[in-house]
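Counting convention: from 1, in listed order, for ligands and their atoms alike.
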Amino acid sequence: MRLILLGPPGAGKGTQAERLVAKYQIPQISTGDILRAAVRDGTDLGKTAKSYMDSGGLVPDAVVIGIIEERLKEDDCANGYILDGFPRTVAQADALKNVLAGMGQAIDHVVSVEVPNEDLVERLSGRRSCKCGAMYHVTFNPPKKEGVCDKCGGELFQRADDQEETIRSRLAVYEEQTAPLIAYYEKAGLLRRIDGVGSLDEIFGRIVEAIGG
Ligand code: AMP
């Protein structure tokens with residue numbers, strides 16, 4: 001199954017993608033995670049991406065399209081994947097369609113996770129991350145011990161772009177550049193809308209139902 005999780009920052013795409021990975025045994029491909037790893041490793045890609053990411057803007061289309069093109073060719077993508085945070089612009093969606101057509105593939109479902117704006121700010125500003133990839137929320141999903149990852153014992157941190165001012169710009173960028181993809185995929189007959197408010201289990205159940213169980 002080839003799935004796109006669409007939704008604003010803070011909609012819970014990453015958290016739900018993790019659960020989908022476990023259920024369907026296909027990889028999660030998060031351009032945000034790939035870019036953050038590149039920044040951490042100080043690669044050329046990371047150096048290019050950092051300033052865009054820190055300001056809450058988008059990394060240029062050509063850069064992320066190149067990343068995805070390479071990633072989709074890897075062996076673990078043979079049975080499908082979950083795209084999380086890509087595509088984010090109409091140009092990226094068009095490029096994805098072309099890349100997939102070249103590989104004889106197509107997207108099966110696009111799940112749009114819908115959450116009101118006021119909830120997003122609260123979710124993102126309380127979000128805490130671990131370098132192992134685990135995510136927490138100071139109120140909604142706190143770790144057992146404050147500031148420490150339950151899974152690996154690592155120290156939790158707040159992503160630079162989860163500071164309140166940057167959150168506002170990320171949401172504005174989403175409205176302007178990514179929200180048009182909802183109509184794009186609706187027109188293509190691929191869109192499944194789900195309510196992204198509720199418990200993690202409830203939301204997961206809605207996604208699974210939307211993509212046919
Ligand atoms: P995310 O973890 O998906 O919220 O992504 C964090 C940041 O990485 C975004 O605010 C962008 O700066 C950058 N980024 C991630 N995915 C993309 C993409 N598909 N296109 C452009 N920039 C991206």
Side-chain angles (χ1 to χ4, degrees), residues 2-18 20-21 27-41 43-72 81-100 107 110-113 115 117 119-137 156-182 184-185 196:
R2 299 182 190 93
L3 182 69
I4 293 175
L5 286 183
L6 193 62
K13 301 186 296 296
T15 307
Q16 294 298 337
E18 261 179 48
L20 292 163
V21 166
Q28 167 194 13
I29 301 178
S30 156
T31 39
D33 285 350
I34 295 171
L35 291 166
R36 272 186 293 279
V39 171
R40 212 167 39 235
D41 296 346
T43 63
D44 288 346
L45 168 64
K47 285 178 196 144
T48 309
K50 188 174 184 329
S51 59
Y52 297 102
M53 295 174 77
D54 284 351
S55 68
L58 293 185
V59 172
D61 285 334
V63 174
V64 279
I65 290 166
I67 294 175
I68 284 290
E69 211 170 342
E70 287 307 305
R71 182 67 186 87
L72 295 182
Y81 35 79
I82 300 150
L83 293 176
D84 158 16
F86 181 93
R88 253 180 162 97
T89 63
V90 169
Q92 291 179 20
D94 283 338
L96 176 66
K97 195 156 90 180
N98 291 336
V99 169
L100 292 181
I107 292 296
V110 178
V111 175
S112 169
V113 184
V115 177
N117 253 1
D119 292 14
L120 296 172
V121 177
E122 195 184 10
R123 287 187 187 189
L124 289 166
S125 55
R127 184 155 85 171
R128 296 295 178 270
S129 308
C130 178
K131 61 179 181 336
C132 77
M135 270 195 295
Y136 301 88
H137 188 281
L156 301 183
F157 59 90
Q158 184 175 36
R159 272 171 48 177
D161 61 351
D162 280 344
Q163 319 272 349
E164 186 141 353
E165 207 172 292
T166 317
I167 291 172
R168 301 270 173 206
S169 353
R170 289 166 68 201
L171 294 176
V173 166
Y174 173 81
E175 280 306 323
E176 196 179 302
Q177 310 220 45
T178 309
L181 292 180
I182 295 176
Y184 178 102
Y185 285 118

Practice item. Kindly tell me which protein residues have any non-hydrogen atom under 4.0 angstrom away from an atom of ligand 1, grouped by chain and ordered by number? Key: T31, G32, L35, R36, M53, G57, L58, V59, V64, G85, F86, R88, Q92, R159, D161, R170

Practice item. For the residue pair D54 and K50, establish whether any side-chain heavy-atom pair is separated by less than 4.5 Å. Key: yes

Check your understanding: Within a strict 4.5 Å, meaning less than it, do heavy atoms of the L6 and L83 side chains meet?
Key -> no

Check your understanding: Can you find a heavy atom in the side chain of Y184 that is under 4.5 Å from one in the side chain of V90?
Key -> yes

Review point. How about V99 and I68: do any of their side-chain heavy atoms sit closer than 4.5 Å?
Key: no

Check your understanding: Please walk me through it: do T166 and D161 pass side chain to side chain donor-acceptor pair (under 3.5 Å)?
Key -> CA-CA 5 Å; T166 317; D161 61 351; over 6 Å; no

Point to revise | With sequence neighbours excluded, residues passing side-chain contact (heavy atoms from CB on, under 4.5 Å) with A95 | key: I65

